[in-house]
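Taking it in order: structure first as structure tokens, then the write-up.
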Amino acid sequence: MTSIKIGILREGKIPIDRRVPFTPAQTQEIHHKFTDITIACQPSAIRCFPDNEYEKQGTPLQEELQDCDVLMGVKEVPIENLIPNKTYFFFSHTIKAQAYNRDLLKAALAKNIRLIDYEVLKDANNTRIVAFGRYAGIVGAYNGLWTFGKRYNLFHLRRARDCFDMEDLKTEFSKVKLPPIKIGITGGGRVAKGAMEVLHGIGLQRVSPSDFIHENYKEPVFTLLNTKDYNRKKDGGAFRKQEFYQQPERYESDFHPYAQKMDLLIAAAYWDPKAPVLFHQEDVLQNDFNIKVIADITCDIEGSIPSTKKPSTIDDPVYDYEPSEDTIEPAFSDEGNITVMAVDNLPCELPRDASNDFGRELIDNVLPNLVGEDTDAILARATIAENGRLTSYFSYLQGFVDGA
């Protein structure tokens with residue numbers, strides 16, 4: 001066993017993020033469960049859990065964290081705050097060669113930092129073991145309903161960010177009064193399941209993709225669309241999942257039959273840039289394209305959904321997409337527009353619950369590998385940089401680092 005000291009970082013990215021890797025109660029649990037781990041917490045005025053809650057649990061506040069071995073935050077650490085020769089855990093947003101974080105990755109290499117990214121912490125089956133996806137889905141679906149109600153003046157919900165926690169959010173569900181609309185969710189993972197929690201919570205019936213297209217209903221319904229439901233092979237052959245992910249260029253979108261019947265789209269599916277887009281601008285211009293509100297949880301800018309032209313923010317969560325000009329307009333400005341909710345940090349609106357679930361997964365799935373044997377190379381495979389170099393798993397980023 002290795003004795004380590006973990007420092008909980010103060011979030012420094014703007015816009016602010018109120019989430020934490022561990023709740024105050026979880027730090028006490030760690031003290032008892034892992035005798036070789038000690039924890040310190042950097043003071044913060046913005047966390048969803050105040051400093052004194054950590055102190056009450058026996059976790060000391062500590063401004064300077066140079067004596068810590070491992071530093072854990074949530075979002076990217078400002079370059080000027082990086083301490084050389086430390087191990088860092090955070091969402092680095094570098095593994096897709098995101099240009100806006102190139103300097104961050106270069107700094108991690110220059111400062112001899114071991115950078116471990118939460119996004120690529122996976123088990124032997126390649127399944128993520130820590131994620132905020134469930135709460136992205138919950139808040140994304142809730143925001144989609146909030147947007148729909150606001151666009152048509154049907155009902156008025158409190159914003160998710162104004163609810164204390166998930167239980168408080170659920171008290172708003174009874175206010176949702178929908179006409180017989182059809183809602184579609186794309187995806188099948190944590191995000192989609194979180195979205196379904198909300199739709200089941202307001203009492204909506206789930207129907208099959210086929211019935212969604214062919215049947216009429218006197219009440220609002222929703223369907224869950226997996227990749228096979230809205231992609232087809234170009235040569236008319238059968239859909240094969242493995243082939244689709246390995247050779248997506250052999251496929252094309254078959255989403256339009258759903259777009260003809262759908263009123264609200266909740267986009268929760270991971271999208272690979274090599275895969276077909278969900279639909280194109282010219283599809284939106286067709287008279288039978290029916291979608292009026294899109295809650296784009298994935299928020300891939302200029303990606304699979306042409307109306308997602310930019311991320312929105314928690315303070316300003318929606319905008320309109322004008323399809324004929326392919327431009328953005330103010331929210332709710334014209335009935336011919338599509339209203340888009342594309343907040344890119346949705347779990348921040350329920351930070352207490354999101355942090356609690358995230359910390360639970362860290363305690364159960366990551367800390368044992370940190371202080372003991374790295375079972376199945378879970379940490380190794382999530383380590384982007386170490387000893388001043390990219391690891392073999394991320395050597396493909398060398399050109400990105402070099403500015404190619």
Side-chain angles (χ1 to χ4, degrees), residues 1-11 18-44 47-75 77 81-92 108 111-125 127-132 351-387 391:
M1 298 287 284
T2 302
S3 179
I4 62 171
K5 182 173 183 178
I6 295 175
I8 298 176
L9 294 166
R10 175 172 55 236
E11 296 298 314
R18 301 179 64 230
R19 291 173 293 174
V20 296
F22 300 112
T23 69
Q26 286 171 343
T27 62
Q28 186 183 63
E29 177 185 346
I30 293 168
H31 289 314
H32 293 304
K33 189 172 183 178
F34 299 95
T35 56
D36 290 303
I37 295 180
T38 56
I39 299 181
C41 186
Q42 202 170 31
S44 171
R47 284 195 190 101
C48 56
F49 297 96
D51 289 342
N52 65 349
E53 290 192 29
Y54 285 95
E55 290 182 303
K56 288 178 181 177
Q57 297 291 347
T59 300
L61 300 179
Q62 188 174 313
E63 180 64 37
E64 301 298 330
L65 300 176
Q66 280 83 356
D67 66 335
C68 294
D69 307 290
V70 177
L71 300 168
M72 304 183 78
V74 177
K75 299 301 280 290
V77 176
N81 294 345
L82 290 172
I83 304 173
N85 308 312
K86 301 294 182 183
T87 294
Y88 275 86
F89 285 79
F90 57 84
F91 288 104
S92 73
K111 296 188 178 197
N112 194 38
I113 284 168
R114 183 189 184 197
L115 174 57
I116 301 176
D117 195 311
Y118 296 128
E119 189 173 354
V120 279
L121 284 166
K122 299 179 180 181
D123 62 18
N125 297 317
T127 301
R128 289 184 64 179
I129 58 175
V130 293
F132 284 106
R352 296 178 69 89
D353 294 279
S355 297
N356 185 69
D357 278 18
F358 191 74
R360 178 79 270 138
E361 292 177 336
L362 284 174
I363 292 170
D364 293 344
N365 302 328
V366 176
L367 293 189
N369 296 283
L370 190 62
V371 297
E373 182 180 352
D374 184 14
T375 306
D376 296 322
I378 285 173
L379 298 183
R381 286 184 283 108
T383 300
I384 297 176
E386 190 172 19
N387 299 321
T391 66

In this structure, CD of E119 is separated from CZ of R128 (nearest 0.5 Å) by 5.0 Å

Could you tell me the separation between the OG1 atom of T23 and the CG atom of D353, rounded to the nearest 0.5 Å?
-> 11.0 Å

Does K75 reach the side chain of F90, with side-chain heavy atoms less than 4.5 Å apart?
-> no

Under the 3.5 angstrom rule, does the side chain of N369 hit a backbone N or O of A377 as a donor-acceptor pair?
-> no

Roughly how far, to the nearest 0.5 Å, is the CG atom of L379 from the CZ atom of F89?
-> 5.0 Å

Do the non-hydrogen side-chain atoms of I83 and E64 ever get within less than 4.5 Å of each other?
-> no

What is the minimum heavy-atom distance between L65 and Q62, and which atoms define it?
-> CD2-O, 3.5 Å

Take V74 and F132 through the test side-chain contact (heavy atoms from CB on, under 4.5 Å) and record every step on the way to the result.
-> CA-CA 10 Å; V74 177; F132 284 106; 4.0 Å; yes

Close side-chain approach of I37 and V371, heavy atoms under 4.5 Å = yes

Roughly how far, to the nearest 0.5 Å, is the CZ atom of R18 from the CZ atom of F49?
-> 9.5 Å

Using the six-membered ring wherever Trp is involved, compare the ring planes of F358 and Y118 and label them parallel, tilted or perpendicular (cut-offs 30° and 60°).
-> perpendicular

Quick check: does any side chain N or O of D117 sit under 3.5 Å from a backbone N or O of S92, one acting as donor and the other as acceptor?
-> yes

Can you check whether K5 reaches D69 side chain to side chain, under 4.5 Å on heavy atoms?
-> yes

Name the one of L9, L61, V20, I6 that satisfies side-chain contact (heavy atoms from CB on, under 4.5 Å) with C41?
-> L61

Side chain proximity check, F22 to L367, heavy atoms < 4.5 angstrom = yes

From T59 atom OG1 to I39 atom CD1, the distance as rounded to the nearest 0.5 Å = 5.5 Å

Look only at the side chain of K86 and the backbone of L71, and say whether a donor-acceptor pair between them is shorter than 3.5 Å.
-> no

Which heavy atom in D374 sits nearest to a heavy atom in I378, and how many Å separate them?
-> OD1-N, 3.0 Å

Any side-chain heavy atom of N356 within less than 4.5 Å of one from Q26?
-> yes

Donor-acceptor pair, side chain of E63 and main chain of P43, under 3.5 angstrom = no

Counting distance only, does the side-chain N/O of Q57 pair as donor-acceptor with the main-chain N or O of Q28 below 3.5 Å?
-> no

Pairs where residues 22-32 contributes a residue and the test salt bridge (Lys or Arg N to Asp or Glu O under 4.0 Å) is met, not counting sequence neighbours = E29-R360

Between T391 and T383, is there a donor-acceptor pair closer than 3.5 Å when you use the side chain of the first and the backbone of the second?
-> yes

Which residues share a side chain to side chain donor-acceptor pair (under 3.5 Å) with N125, sequence neighbours left out = none

Look only at the side chain of E55 and the backbone of P60, and say whether a donor-acceptor pair between them is shorter than 3.5 Å.
-> no

Does atom CD of E373 have more than 12 heavy-atom neighbours from other groups under 6.0 Å away?
-> no

Polar side-chain atom of S355 near backbone of P351 as donor-acceptor pair, under 3.5 Å | yes

Closest approach of L82 to A108 (non-hydrogen atoms, all atoms of both residues) = CD1-N, 4.4 Å

If only atom types and distance count, is the side chain of D376 paired as donor or acceptor with the main-chain N or O of A124 below 3.5 Å?
-> no

Ignoring hydrogens and angles, tell me if any N or O in the side chain of E361 forms a donor-acceptor pair with the backbone of A131 under 3.5 Å.
-> yes

Euclidean distance, K56 NZ relative to T27 OG1, rounded to 0.5 Å = 13.0 Å

Search all heavy atoms of P84 against all heavy atoms of I113 and return the closest pair with its distance.
-> CA-CG1, 4.4 Å

N85: partners by side chain to side chain contact (heavy atoms under 4.5 Å, CB included), with sequence neighbours left out = N112

Pairing of E11 and R47 as salt bridge, 4.0 angstrom limit | no

